[in-house]
J.: 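One structure, as structure tokens, below. Some questions next.
Just so it is clear, the model here is predicted, and its values are computed rather than measured. Each chain gets a letter, A, B and so on, in the order its sequence line appears, and its residues count up from 1.
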Amino acid sequence: MQRDFSFEIVSQPNPNYPLMRAGIIHTPHGDIKTPNFNLVGTHGHVKFISPDDMWTIHAQVMLSNGYHLFRRATVISATGGLAKWSGWNGPTFTDSGGFQVMSLGSGLGKVVSMDMVDANDESKLREPDERMALVDDEGVEFRDPYSARIIKFTPELSIETQHKIGADIMMSFDELTNISDTYDYNVRALERTRRWAERGLREHIRQTALRKDRPYQALYGVLQGGYYLDLRAKAARDISSMTVDGEGFDGFGLGGVLTKQDLPSILTTMCEILPNDKPRHLLGLSHPDDIFVGVETGSDTFDCVAPTREARHGRIYAMDGNFNLKRSEYKDDDNLLDKDCDCPTCQAGHTKAELRALLKSSDIADHAKAYNLLSTHNARFIIRLCEQIRQAIIDGYYDEYKQSFVKRYYR
RNA sequence: GCGUCUGUAGCUCAGUUGGUUAGAGCGCUGGAUUGUGGCUCCGGAGGUCGCAGGUUCGAAUCCUGUUAGACGCC
């Protein structure tokens with residue numbers, strides 16, 4: 001199979017972190033220098049951040065969602081794929097819709113619990129008859145109560161949809177378990193995810209053959225297993241060794257609801273088993289401490305809604321620690337969001353007082369302005385963090401960099 | 001001058017035939033937010049019910065007076 005997709009490692013091994021690396025992912029829409037944070041544009045655009053803004057803040061990747069774009073997949077395909085259709089002409093990822101198995105199913109209407117006090121507590125799960133996503137071995141039935149629309153998503157349909165959308169990198173359709181699911185349930189869900197991965201890989205090979213006129217789209221196999229290390233190791237062995245007609249996955253997605261406490265051991269367990277020469281994407285995490293753990297254990301790319309969502313809610317990232325811009329103490333504060341920031345918002349001189357007023361205004365146009373200025377700021381903060389981590393890995397001063405960052409940020 | 005209507009939280013208002021510590025939305029204020037059903041979610045402060053009397057076991061609610069505003073009529 002012809003692939004215009006590859007991964008190269010550009011750093012020397014670090015004895016303190018044997019799995020850590022900096023690299024380059026070569027895709028049909030350009031190179032991704034890793035570690036990198038992918039901006040999340042679920043519906044094909046990042047909320048309140050334009051493609052021009054993305055270039056300005058040195059974003060490298062947009063990650064969209066095959067489930068949310070399902071109805072528009074044919075149009076996107078006809079337009080020439082996600083990059084052209086969205087106006088963002090750089091590298092793109094699509095997620096499979098696997099996250100929605102949980103977020104619209106057992107976790108519907110709840111903030112994703114990452115607290116171990118909820119572990120194994122099935123009473124914390126949404127009742128099946130209240131869920132908008134019902135899972136079985138065949139796939140997932142998504143229901144929309146407003147339109148009465150029902151979509152039966154299967155691994156085959158997810159992959160076919162993602163091929164239509166045409167992102168450079170796709171994710172296999174997986175079942176994400178909730179922290180409240182039991183060990184036994186995780187065993188069953190993991191086996192289901194393994195079978196779905198195989199079915200998806202088979203469909204991927206079929207679709208690739210059907211679309212020879214298009215650039216090759218890479219497919220990452222996704223690893224699950226809850227917070228159980230034995231299941232995580234099994235997932236890593238199963239997915240990394242999986243082949244269909246001699247073809248395997250191009251990279252790996254590290255998925256699941258992962259607590260800060262368990263993150264290092266879970267990531268280490270998986271990445272020690274995964275082959276070193278393929279890229280790994282850590283799904284859904286972007287807080288700086290999580291990124292540090294991720295890169296130290298071998299993750300290359302990250303994505304998360306937190307920087308943009310938290311920006312819209314007034315949670316601002318800054319080198320000396322995050323803060324809530326809505327607090328009254330910033331009402332007359334003429335300082336920048338972060339005096340050391342190179343984002344367009346801080347470079348333009350917007351003050352905390354000014355941005356707070358926009359954010360708290362009753363005018364929807366002011367909101368939009370604030371959301372744009374604050375989202376680009378937070379996004380740039382995490383992107384810059386990844387850029388600096390990459391440079392530190394390559395130039396051999398990672399420990400010093402991390403120490404200085406953490407000392408200020410988590411003071 | 002007379003008549004009618006209206007005065008309840010910073011704002012807009014609910015308050016059932018009088019019945020425990022008078023509610024809501026917005027605003028204010030604090031927190032949450034991790035592969036985006038989110039201008040979302042959770043919490044807190046804030047009122048001697050225009051004022052003064054009266055009836056009653058008990059009044060935001062009924063009666064009288066008074067005051068402020070709106071409207072109408074001479």
Side-chain angles (χ1 to χ4, degrees), chain A residues 37-49 61-69 93-105 107-115 131-133 142-147 149 158 162 167 169-176 179 220 222-224 252-260 263 281-291 293-294 299 301-317 322-331 358-372 374-375 378 382:
Chain A
F37 172 67
N38 301 349
L39 283 184
V40 176
T42 302
H43 296 270
H45 59 269
V46 183
K47 288 185 177 178
F48 297 96
I49 296 182
V61 178
M62 177 176 72
L63 180 147
S64 299
N65 193 304
Y67 167 70
H68 297 270
L69 292 176
F93 282 47
T94 45
D95 192 12
S96 62
F99 183 77
Q100 281 62 40
V101 179
M102 189 279 289
S103 68
L104 298 180
L108 178 63
K110 307 177 180 192
V111 170
V112 176
S113 173
M114 292 202 176
D115 193 331
R131 297 179 188 181
M132 285 170 54
F142 289 107
R143 305 166 166 181
D144 183 342
Y146 301 120
S147 68
R149 185 191 303 270
S158 175
Q162 292 188 77
I169 296 171
M170 307 176 289
M171 295 289 153
S172 67
F173 193 55
D174 60 326
E175 180 184 1
L176 176 62
I179 196 104
Y220 284 18
V222 178
L223 282 60
Q224 291 293 344
F252 304 97
L254 312 178
V257 173
L258 305 168
T259 65
K260 286 189 188 298
L263 194 59
H281 179 78
L282 178 53
L283 286 150
L285 296 178
S286 76
H287 289 167
D289 54 346
D290 297 332
I291 288 182
V293 172
S299 290
T301 52
F302 305 82
D303 79 272
C304 190
V305 302
T308 47
R309 173 187 289 166
E310 294 188 338
R312 295 196 303 278
H313 295 173
R315 187 77 182 166
I316 305 304
Y317 296 178
N322 297 350
F323 62 93
N324 183 353
L325 184 63
K326 289 190 283 191
R327 288 175 64 114
S328 54
E329 65 183 279
Y330 303 115
K331 188 172 182 171
L358 285 174
L359 187 62
K360 292 179 73 71
S361 165
S362 56
D363 183 350
I364 199 164
D366 288 345
H367 278 173
K369 184 74 177 164
Y371 291 165
N372 169 255
L374 299 175
S375 295
N378 275 5
I382 298 299

J.: Mind checking whether A:Y330 and A:F323 have parallel, tilted or perpendicular rings, split at 30° and 60°?
T.: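 A:Y330 and A:F323: tilted rings.
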J.: At less than 4.0 Å, is any side-chain N or O atom of A:N324 found next to OP1 or OP2 of B:G30? Yes or no.
T.: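 For B:G30, OP1/OP2 do not have a side-chain N/O of A:N324 under 4.0 Å.
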J.: For the backbone of A:M170 and the side chain of A:D95, can you confirm whether one donor and one acceptor N or O come within less than 3.5 Å of each other?
T.: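 Here the side-chain-to-backbone pair does not exist.
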J.: Whole-Å distance between B:U36 P and A:H45 NE2?
T.: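 So the two atoms are 13 Å apart, to the nearest Å.
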J.: If you apply the rule side chain to side chain contact (heavy atoms under 4.5 Å, CB included), what do you find for A:T94 with A:L63, and how did you get there?
T.: CA-CA 5 Å; A:T94 45; A:L63 180 147; over 6 Å; no
J.: Starting at the 5' end of RNA chain B, which residue's closest nucleotide do you reach first, A:K47 or A:M171?
T.: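 Here A:M171 is the residue nearer the 5' end.
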J.: Look at the side chain of A:D174 against the base of B:G35 and say whether a donor-acceptor pair falls under 3.5 Å; ignore hydrogens and angles.
T.: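 Result: at least one qualifying N/O pair found.
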J.: What distance, rounded to whole Å, do you find between the two P atoms, one in B:C63 and one in B:G19?
T.: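 That atom pair is separated by 15 Å.
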J.: Taking the C1' atom in each of B:C51 and B:C57, what is the distance between them to the nearest angstrom?
T.: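 Taking atom C1' in both B:C51 and B:C57, they lie 26 Å apart.
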J.: Would you mind reading off the distance between A:L374 atom CG and B:G38 atom P, rounded to a whole angstrom?
T.: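 One finds 19 Å between P of B:G38 and CG of A:L374, rounded.
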J.: For A:L176, answer base if it contacts any base atom (sugar-phosphate contacts may also be present), sugar-phosphate if it contacts only those atoms, and nothing otherwise; contact means non-hydrogen atoms under 4.0 Å.
T.: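 The answer is base, as A:L176 lies within the cut-off (heavy atoms under 4.0 Å) of a base atom.
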J.: Hey, does the side-chain of A:E310 have a donor or acceptor N/O within less than 3.5 Å of a partner on the base of B:G31?
T.: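 It does not, because no donor-acceptor pair links the side chain of A:E310 to the base of B:G31 below 3.5 Å.
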J.: What is the separation between atom OH on A:Y330 and atom C1' on B:G30, rounded to the nearest whole Å?
T.: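 After rounding, the reported distance stands at 13 Å.
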J.: If I take atom CG in residue A:D115 and atom P in nucleotide B:A32, what distance separates them, rounded to the nearest angstrom?
T.: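 Rounded to whole Å, this separation is 14 Å.
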J.: Side chain of A:R309 only, heavy atoms from C-beta on: which candidate in B:G35, B:U34, B:A32 is closest?
T.: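 Of the candidates, B:U34 comes closest.
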J.: Treating A:S361 as the side-chain partner and A:D363 as the backbone partner, does any N or O pair qualify as donor plus acceptor under 3.5 Å?
T.: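 Yes: the side chain of A:S361 pairs with the backbone of A:D363.
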J.: Regarding A:R312, tell me which of base, sugar-phosphate or nothing describes its non-hydrogen contacts under 4.0 Å with the strands shown.
T.: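 Base contact.
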J.: Take the protein atom CG of A:L359 and the nucleotide atom C1' of B:G27, then report the distance between them rounded to whole Å.
T.: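 To the nearest whole Å, that distance equals 15 Å.
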J.: Please report the distance, rounded to the nearest Å, between OH in A:Y371 and P in B:G38.
T.: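 In whole Å, B:G38 P and A:Y371 OH are 12 Å from each other.
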J.: Below the 4.0 Å mark, does B:G30 have OP1 or OP2 next to a side-chain nitrogen or oxygen of A:S328?
T.: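 Yes, A:S328 has a side-chain N/O under 4.0 Å of OP1/OP2 on B:G30.
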J.: Just how far, in rounded Å, is C1' of B:U34 from CG of A:L63?
T.: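 Going from CG in A:L63 over to C1' in B:U34 covers 13 Å.
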J.: Using atom P of each nucleotide, how far apart are B:G58 and B:C74 to the nearest Å?
T.: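 47 Å, rounded to whole Å.
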J.: Measure up the A:Y371 and A:F48 rings against each other and bin them: parallel (under 30°), tilted (30 to 60°), perpendicular (over 60°).
T.: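 Aromatic pair A:Y371/A:F48 classed perpendicular.
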J.: Just to be sure I understand the rule, does A:D95 reach a base, reach only the sugar-phosphate, or reach nothing, if contact means heavy atoms closer than 4.0 Å?
T.: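 Base contact.
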J.: Heavy atoms only, 4.0 Å cut-off, all strands: where does A:L108 land among base, sugar-phosphate and nothing?
T.: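 Base contact.
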J.: As a check on the pairing definition, encode RNA chain B in dot-bracket form, counting Watson-Crick and G-U wobble pairs whose two distances are under 3.5 Å, and using | for partners outside this strand.
T.: (((((((..((((.....[...)))).(((((.......))))).....(((((..]....)))))))))))).
J.: Which value, in whole Å, describes the distance between the C1' atoms of nucleotides B:U67 and B:G44?
T.: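 Per the computed distance, 36 Å lies between those C1' atoms.
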J.: Any sub-3.5 Å donor-acceptor pair from A:D174's side-chain atoms to A:L176's backbone N or O?
T.: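 No: the side chain of A:D174 does not pair with the backbone of A:L176.
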J.: Suppose we call a contact any N or O donor and acceptor under 3.5 Å apart; does that hold for the side chain of A:S103 and the base of B:U36?
T.: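 Flag unset: no donor-acceptor pair detected.
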J.: When all nucleic acid strands are considered with a 4.0 Å heavy-atom cut-off, which category describes A:I364: base, sugar-phosphate, or nothing?
T.: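 Base, at least one base atom sits under 4.0 Å.
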J.: Check the orientation of A:F93 and A:H281. Use parallel for under 30°, tilted for 30 to 60°, and perpendicular for over 60°.
T.: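 Ring orientation, 0 to 90° scale: tilted.
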J.: To the nearest Å, how far apart are A:I382 CD1 and B:U36 P?
T.: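 Nearest whole value for this atom pair: 17 Å.
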J.: Rounding to an integer number of angstrom, what distance separates B:A60 and B:U6 when you compare their C1' atoms?
T.: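 Per the computed distance, 14 Å lies between those C1' atoms.
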J.: Could you tell me whether the side chain of A:T42 and the main chain of A:S64 form a donor-acceptor pair under 3.5 Å?
T.: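 Side chain of A:T42 to backbone of A:S64, a donor-acceptor pair under 3.5 Å: no, none is there.
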J.: Which part of the nucleic acid does A:Q224 contact within heavy-atom distance under 4.0 Å: base, sugar-phosphate only, or nothing?
T.: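 Result for A:Q224 = base.
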J.: NA contact type, A:G256, heavy-atom cut-off 4.0 Å: base, sugar-phosphate, or nothing?
T.: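 Since a base atom lies under 4.0 Å of A:G256, the category is base.
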J.: Search all heavy atoms of A:H313 against all heavy atoms of A:K326 and return the closest pair with its distance.
T.: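 For A:H313 versus A:K326, the nearest heavy atoms are O-CE, 3.1 Å.
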J.: For a quick check of understanding: with a heavy-atom distance under 4.0 Å over all strands, which category does A:T308 fall into, base, sugar-phosphate or nothing?
T.: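 It contacts base atoms.
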J.: Quick one: does A:N378's side chain have a donor or acceptor within less than 3.5 Å of a partner on A:Y317's backbone?
T.: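 Judged by distance alone, yes, a pair lies under 3.5 Å.
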J.: Which nucleotide, B:A32, B:U34, B:U36, lies nearest any side-chain atom of A:L285?
T.: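 The answer is B:U34, which lies nearest to the side chain.
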J.: Do A:K360 side-chain and B:U29 base share a donor-acceptor contact under 3.5 Å?
T.: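 A donor-acceptor contact between them is absent.
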J.: Using atom P of each nucleotide, how far apart are B:G38 and B:G46 to the nearest Å?
T.: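 Comparing P positions in B:G38 and B:G46 gives a spacing of 35 Å.
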J.: Taking A:V305's backbone N and O only, do any of them form a donor-acceptor pair with A:T308's side chain (distance below 3.5 Å, no angle check)?
T.: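 Looks like yes, one N/O pair under 3.5 Å.
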J.: Which value, in whole Å, describes the distance between the C1' atoms of nucleotides B:U21 and B:U17?
T.: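 Roughly 24 Å separates the two C1' atoms.
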J.: For the P atoms, the ones on B:U36 and on B:G27, what distance do you get once it is rounded to whole angstrom?
T.: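 My reading of the P atoms in B:U36 and B:G27 gives 28 Å.
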J.: Of all of residues 37-44 of chain A, which get a heavy atom below 4.0 angstrom from RNA chain B, listed by number?
T.: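 Residues of residues 37-44 of chain A that come under 4.0 Å of RNA chain B are, in numerical order, A:V40, A:T42.
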J.: Say whether, by atom type as modelled, one donor and one acceptor occur between the side chain of A:Q162 and the main chain of A:M171 under 3.5 angstrom.
T.: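 The answer is yes, because a donor-acceptor pair under 3.5 Å joins these two groups.
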J.: Can you see which heavy atom on A:S96 is nearest to which on A:S172, and at what distance?
T.: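 That would be OG-O, 3.2 Å.
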J.: Is the ring centre of A:H313 under 5.5 Å from the base ring centre of B:U40, and are the two planes under 30° apart, so that they stack?
T.: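 Given the distance and angle limits, yes, they stack.
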J.: Give a yes/no on whether any side-chain N or O of A:R327 is located under 4.0 angstrom from OP1 or OP2 of B:U29.
T.: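 A:R327 to B:U29 OP1/OP2: no side-chain N or O under 4.0 Å.
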